[in-house]
Amino acid sequence: MTDSSGVGGRVDAAFVGRANIDLTIHVPHRARPGRTAIGSPLTANAGGKSLNQAIAAARRGGRVALIANVGADTWAHQITATLTDARVDTRHVRLVPDATTGAAIIEVTPDGESYITLALSPATELTTDDIHRATACLTAEAVIVQLDLPPEPVTTLLSHRRAPIILGNLVPHPDLDPRLLAELDVLVVNQHEATAILRTTARNPLDAAAALQRLGPRTVIVTAGPNGAAFAHPHGSGTLPALAVPVVDTTGAGDAFLGSLAFDLARHTPLPDALTTAIQAGSHTVGHSGSHDLTR
């Protein structure tokens, strides 16, 4: 892959995770057992949480790199072309021979909710060697990693600080050593993910952020959709409201939030200001269309 960041091996943010194709269909309702729901024509667009986050950060003007693997297939070429168009550095997007690129099957209902099933491609999961290769020649102010990746590459990344700011996202892989969460400067999860990590019944986002902070991360942000976001960090805690927008499609809203947040933190924007801008980015996505729109 080629360098489209324009500044050699130095970037504001490097996103470590997955890239895939989003197969999206809008349906009047989800299919019931034994029945067929007829929906819109299928669209196929570049997606995946880390890809979406990288594009969101690049749209803010950031110098951004993506570290991910894809299969050496037609979908991979669509993904890399989309990243190049968005001016995301693709040198560390590796095409794996004889492998199929992963896909997300997304159903969007009239209320804007999205129901996503991820078809993983085991052969394209990141490895420890991938992390060593990418970080050896890439200098980033912030690194953002999907914690649900296989534990070996995440452990490699978190055990040896690769950037001044380390952000983690999603529910950690069950085999990841929980003590590694203490290596995170920022943990960002939504309310459902917070509940899964804490293994408790639903609690308000502010309490969840405080409980997650006790697991080790210095700062925790819990997003709560229409209820905005809550944060807990060494200098205090608080909440910020969401913007009131008509809901069209919630797909990718969290990725737009995180991509914007990572960009601002890499540029040393104070957390409250970075959160305010990130909420605006996520709300804008909800009011338009989902992750597939991030790639346009």
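Source: prediction; values computed, not measured.
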task: Please check if the side chain of Thr277 supplies one atom and the backbone of Asp273 the other of a donor-acceptor pair under 3.5 Å.
output: yes

task: Report whether Trp75 and Val93 are members of the same hydrophobic cluster (ILVMFWY, side-chain heavy atoms less than 4.5 Å apart, transitive linking).
output: yes

- prompt: Among side-chain atoms of Thr24 and Asp22, is any donor-acceptor pair under 3.5 angstrom?
  reply: no

message: Between Leu23 and Ile25, is there a side-chain heavy-atom distance shorter than 4.5 Å?
response: no

message: Checking side-chain polar atoms at under 3.5 Å, does Asn190 have a donor or acceptor matched by the opposite partner on Thr223?
response: no

message: Test side chain to side chain contact (heavy atoms under 4.5 Å, CB included) on Leu275 and Phe231; report intermediate values, then the result.
response: CA-CA 9 Å; Leu275 280 172; Phe231 64 91; 3.5 Å; yes

- request: Determine, step by step, whether Phe15 and Val64 satisfy the side chain to side chain contact (heavy atoms under 4.5 Å, CB included) criterion, reporting the C-alpha distance in whole Å, the side-chain angles of both residues, the deciding distance to 0.1 Å, and the verdict.
  value: CA-CA 8 Å; Phe15 293 84; Val64 175; 3.6 Å; yes

- prompt: Charged N to carboxylate O below 4.0 Å: is that the case for Asp129 and Arg94?
  reply: no

Val222 vs Val188 side-chain heavy atoms within contact, under 4.5 Å: no

query: Will you find, in the side chains of His268 and Glu141, an N or O donor that is under 3.5 Å from an N or O acceptor?
result: yes

query: Are any side-chain N or O atoms of Thr269 and backbone N or O atoms of Asp264, one a donor and one an acceptor, separated by less than 3.5 Å?
result: yes

- request: Can you run down the salt bridge (charged side-chain N to carboxylate O under 4.0 Å, His left out) pairs that involve residues 220-239, sequence neighbours left out, and say none if there aren't any?
  value: none

- prompt: Between Arg87 and Asp85, is there a donor-acceptor pair closer than 3.5 Å when you use the side chain of the first and the backbone of the second?
  reply: no

message: Are Leu158 and Leu212 connected into the same hydrophobic cluster when the rule is that any two of I, L, V, M, F, W, Y join if their side-chain heavy atoms are below 4.5 Å apart?
response: yes

task: Check whether any side-chain heavy atom of Ile79 lies under 4.5 Å from a side-chain heavy atom of Leu51, and answer yes or no.
output: yes

message: Just by distance, no angles: are the side chains of Arg10 and Thr139 close enough, under 3.5 Å, to form a donor-acceptor pair?
response: no

- prompt: Salt-bridged, Arg30 to Glu107, with N to O below 4.0 Å?
  reply: yes

- request: Determine whether more than 12 heavy atoms belonging to other residues, nucleotides or ligands lie under 6.0 Å from atom CG of Leu42.
  value: yes

message: Set out, in order, the CA-CA distance, both residues' side-chain angles and the distance that settles side chain to side chain contact (heavy atoms under 4.5 Å, CB included) for Thr155 and Asp177, then state yes or no.
response: CA-CA 8 Å; Thr155 298; Asp177 186 343; 5.7 Å; no

query: If we only count heavy atoms from C-beta on, is the Ser237 to Leu206 side-chain gap below 4.5 Å?
result: yes

query: Does a sphere of radius 6.0 Å around NE2 in His29 hold more than 12 heavy atoms from other residues, nucleotides or ligands, not counting ones at 6.0 Å or beyond?
result: yes

task: Check the side chains of Asp130 and Thr127 for a donor-acceptor pair under 3.5 angstrom, ignoring hydrogens and angles.
output: yes

query: Do the side-chain N and O atoms of Ser50 and Arg18 include a donor-acceptor pair separated by under 3.5 angstrom?
result: no

query: Going by distance alone, is a donor N or O of one side chain under 3.5 Å from an acceptor N or O of the other, for Asn169 and Gln53?
result: yes

